[in-house]
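See structure below.
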Amino acid sequence: MEQNHIEIIRSETKKQKPQTKELEFGRIFTDHMFIMDYSVDKGWHHPRITPYQPISLDPAAMIFHYGQTVFEGLKAYRTKENKVLLFRPKKNMERLNLSNERICIPPIDEEFVLEGLKQLVSLEKDWVPSAEGTSLYIRPFIISTEPYLGVAASKTYRLMIILSPVGSYYKEGINPVRIYVERNYVRAVAGGTGKAKTAGNYAASLKAQEESEKLGYSQVLWLDGVEKRYIEEVGSMNIFFKINGEIVTPVLNGSILPGVTRDSVIQLLKHWGVPVSERKISIDEIYESFQKGWVEEIFGTGTAAVISPVGELNYEGEKLVINNGKTGPIAKRLYETITNIQNGTEPDPFEWTIEV
Ligand code: PMP
């Protein structure tokens, strides 16, 4: 289809690629970006790859006022054979549309945007770093662009994909983090936007994050926004517990983001024959189980860290030390298996990776 032809305007200059030691998260961007626009009469149209550059928007553009926007995050990995692999990108396209639905943004053609994403990554292949643990972070996002101050869904949108080479999350090997159980602020509420990857959820999380950092913790454990009793997520990750031999994770209830890593962990555990269940988990259950010595492991899951073991939970001032503050065997096995599938050093029984 003519409308779906992706025009490519190449950058005349090339930026210098960073050294491995300069790589952190999301500070350096590649030479090109993908763009596509939406209007009511044309639908999603004019897909193009252009030089990475600032965009110009009307100050009244709705994104600035009411935050009607969604985003995604996934990674491309370089294998030893110099192939570039994407990890479960269809899940991210699917989730982008789930977020769109919640935020009243018109749906995208998932296959077409994935094709645009692949063409962009292919053009920027040299930007995919090769050192262990490094990757090319991919950020698709959609903003509302109509210049209008009425509170309503915008009539025009722009979708963009930008790329950022990122360093290893674990510079000194997989390391447990200290977590503060947040009893004051909440991230999401029942019926709210927690299940969508939308900016407001992250704006709402900053205050608790800042306060927990001041107390020496790296992230907060979010409880539900109604009773402040049931566990939802940890920082911007999903959470798993191993309690008395059973692995449990909070069931998706509408206020929890359905993580791609969460889904991968559940599939892998089932594949290994390790019992795993999705259910409501209260903070009281964790506290009581801890007192009985049943809490064997806690870990977060997400694209950034893959698996992030929790070494300590601060629960109302009491420090609950998990597995002697060390990484547990399930967290370690999951981390190694998933990262090996991502970088192509282990068979991929679920066909999770897609070569660019
Ligand atoms: N919860 C939140 C709030 C997140 O931002 C993320 C990161 N996308 C996750 C969970 C983990 O999701 P994923 O495994 O898809 O990265």
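Bear in mind that the values here come from a model prediction, so they are computed numbers and not experimental data. Each ligand, and each atom within it, is numbered from 1 in the order the structure gives. Along the sequence shown, residues carry numbers from 1.
In the vicinity of Leu257, heavy-atom distances shorter than 4.0 Å reach the ligand 1 atoms 1 (N), 2 (C), 4 (C), 6 (C), 8 (N), 9 (C), 10 (C). With ligand atoms numbered from 1 in the order given, ligand 1 contributes 11 (C), 14 (O), 16 (O) to contacts under 4.0 Å with heavy atoms of Gly302. Counting the atoms of ligand 1 from 1 in the order shown, those under 4.0 Å from a heavy atom of Arg95 are 8 (N), 12 (O), 13 (P), 15 (O). For ligand 1 and Asn238, the ligand atoms under 4.0 Å from any heavy atom of the residue are 10 (C), 11 (C).
Counting protein heavy atoms only, atom 16 (O) of ligand 1 is closest to Thr303 OG1, 2.6 Å. Among all protein heavy atoms, the one lying closest to atom 4 (C) of ligand 1 is Ser236 O, 3.3 Å. Residue, atom and distance of the protein heavy atom nearest to atom 14 (O) of ligand 1 are Thr261 OG1, 2.6 Å. The single protein non-hydrogen atom nearest to atom 10 (C) of ligand 1 is Glu233 OE1, 3.2 Å, given as residue, atom name and distance. At the top of the distance list for atom 12 (O) of ligand 1, counting protein heavy atoms only, stands Gly259 CA, 3.4 Å. For atom 5 (O) of ligand 1, the nearest protein heavy atom (residue, atom name, distance) is Tyr202 OH, 2.5 Å.
No side-chain heavy atom of Thr69 sits less than 4.5 Å from a side-chain heavy atom of Ile142.
When only interatomic distances are considered, the shortest N/O to N/O separation between Val260 and ligand 1 falls below 3.5 Å. Of the polar atoms of Thr301, none of the N or O atoms is found under 3.5 Å from an N or O of ligand 1, judged by distance alone. Residue Lys197 has at least one nitrogen or oxygen atom sitting less than 3.5 Å from a nitrogen or oxygen atom of ligand 1, judged on distance alone. Residue Arg187 places no N or O, backbone or side chain, under 3.5 Å from any N or O of ligand 1.
Every heavy atom of Lys91 sits 4.0 Å or more from the atoms of ligand 1. Within the 4.0 Å heavy-atom cutoff, Glu72 does not count among the residues contacting ligand 1.
Ion pairing between a basic and an acidic side chain is recognised when a charged N comes within 4.0 Å of a carboxylate O; Glu312 and Arg178 show such pairing. Using a 4.0 Å cut-off between a side-chain N of Lys or Arg and a carboxylate O of Asp or Glu, Asp284 and Arg229 qualify as a salt bridge. The pair Glu210-Lys207 does not count as a salt bridge, with every side-chain nitrogen at least 4.0 angstrom from each carboxylate oxygen.
Under a hydrophobic clustering in which Ile, Leu, Val, Met, Phe, Trp and Tyr are joined whenever their side-chain heavy atoms come within less than 4.5 Å, directly or via other members, Leu163 and Leu85 fall into different clusters.
Listed for the Gln53 side chain is a donor-acceptor partner under 3.5 Å among the backbone atoms of Pro51. Not one N or O on the side chain of Gln219 forms a donor-acceptor pair closer than 3.5 Å with the backbone of Gln209. Using a distance-only test at 3.5 Å, with no hydrogens or angles considered, no donor-acceptor pair links the side chain of Asn314 to the main chain of Val181.
Just one residue in the list Glu278, Lys280, Glu232 forms a side-chain hydrogen bond (donor to acceptor under 3.5 Å, both in side chains) with Asn253, and that residue is Glu232.
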Worked verdict on Glu213 versus Ser218 for side-chain hydrogen bond (donor to acceptor under 3.5 Å, both in side chains): CA-CA 6 Å; Glu213 275 170 22; Ser218 64; over 6 Å; no

